[in-house]
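A short worksheet on the structure shown next.
Reckoned from all heavy atoms, side chains included, excluding hydrogens, waters and symmetry mates.
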Amino acid sequence: QVQLVESGGGLVQPGGSLRLSCAASGSGESIHIMGWYRQAPGKQRELVATMTTASSTNYADSVKGRFTISRDNAKNTVYLHMISLKPEDTAVYYCYARQWTTDYWGQGTQVTVSS
C-alpha cells in the first residue's frame with residue numbers, strides 16, 4: 001500500500017507561483033509513474049502532468065510552458081512548480097502514483113488563484 005501526502009497549496013494572485021510537493025510512503029516497490037491531476041468546480045478531474053522513473057514527462061496543453069514536474073526517485077517525492085498562474089488554474093490538485101497495475105491518489109490540496 002502506498003500513501004501519498006500533498007503539500008504546498010494555497011492562495012496566490014494571478015501571475016504568481018506555487019510549488020506543490022507529494023511524498024509517497026508505505027511501499028518498497030518501485031513507483032513507476034507519479035504526477036498530478038486537478039479538478040476544478042463543476043469539471044471532471046483532468047491530467048496536469050506525469051513523470052516516470054526514467055524522467056519521461058507528459059503535460060496537459062493548458063499548463064505546458066508554465067508548469068514543471070520534477071521527481072526525486074530516492075525520496076519517492078514528486079513536485080509541481082507552477083508559474084504564471086491564472087484563475088483557470090484554480091482547482092483541487094491531486095497527487096497520483098502508479099505502482100505496477102495499482103493506482104494511488106492523495107487527498108488533494110487546494111490551489112486558488114485570485115486577486
Practice item. Carefully, step by step, assess S62 and R38 under the rule side chain to side chain contact (heavy atoms under 4.5 Å, CB included). Key: CA-CA 12 Å; S62 60; R38 69 186 182 186; 3.4 Å; yes
Point to revise | Check against side chain to side chain contact (heavy atoms under 4.5 Å, CB included), L20 and V111 | key: CA-CA 9 Å; L20 306 182; V111 172; 4.0 Å; yes
Review point. Between R71 and I31, does a side chain to side chain contact (heavy atoms under 4.5 Å, CB included) hold up when you go through it step by step?
Key: CA-CA 11 Å; R71 179 173 176 172; I31 300 176; 3.8 Å; yes
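With values rounded to the nearest 0.5 angstrom, R66 atom CZ is found 6.5 Å from L85 atom CG. The distance from atom CG of D89 to atom OG of S114, rounded to the nearest 0.5 Å, is 12.5 Å. For the atom pair CD (Q1) and OG (S25), the distance works out to 10.0 Å, reported to the nearest 0.5 Å. Between R98 atom CZ and T52 atom OG1 the span is 13.0 Å, to the nearest 0.5 Å. Remark: M82 CE to L18 CG distance equals 4.5 Å, nearest 0.5 Å. The distance from the CG atom of N73 to the OG atom of S30 is 8.5 Å, given to the nearest 0.5 Å.
Listed here is the closest heavy atom pair of Q107 and E6: OE1-OE1, 2.6 Å. Of all non-hydrogen atoms in C95 and V78, the two that sit nearest each other are SG-CG1, 3.9 Å. Annotation for Y59 and I69: closest pair OH-N, 2.8 Å, computed over non-hydrogen atoms. Between V2 and A24, the shortest heavy-atom contact is CG1-CB, 4.0 Å. The nearest pair of heavy atoms linking S84 to S17 is N-OG, 4.5 Å.
Formation of a donor-acceptor pair under 3.5 Å by the S115 side chain with backbone atoms of Q13 is not found in this model. With hydrogens and angles ignored, the 3.5 Å screen pairs a side-chain donor or acceptor of H32 with a backbone N or O of W100.
The list of disulfide bond (SG atoms under 2.5 Å apart) pairs with a residue in residues 31-93, not counting sequence neighbours, is empty.
The hydrophobic cluster containing L47 also includes I33, Y37, V92, Y94, Y96, W105, under a criterion of side-chain heavy atoms closer than 4.5 Å among ILVMFWY residues, counted directly or through chains of members.
Between T90 and Q110, some side-chain heavy-atom pair lies under the 4.5 Å cut-off.
In the hydrophobic cluster analysis, where Ile, Leu, Val, Met, Phe, Trp and Tyr join through side-chain heavy atoms closer than 4.5 angstrom, Y93 is grouped apart from Y79.
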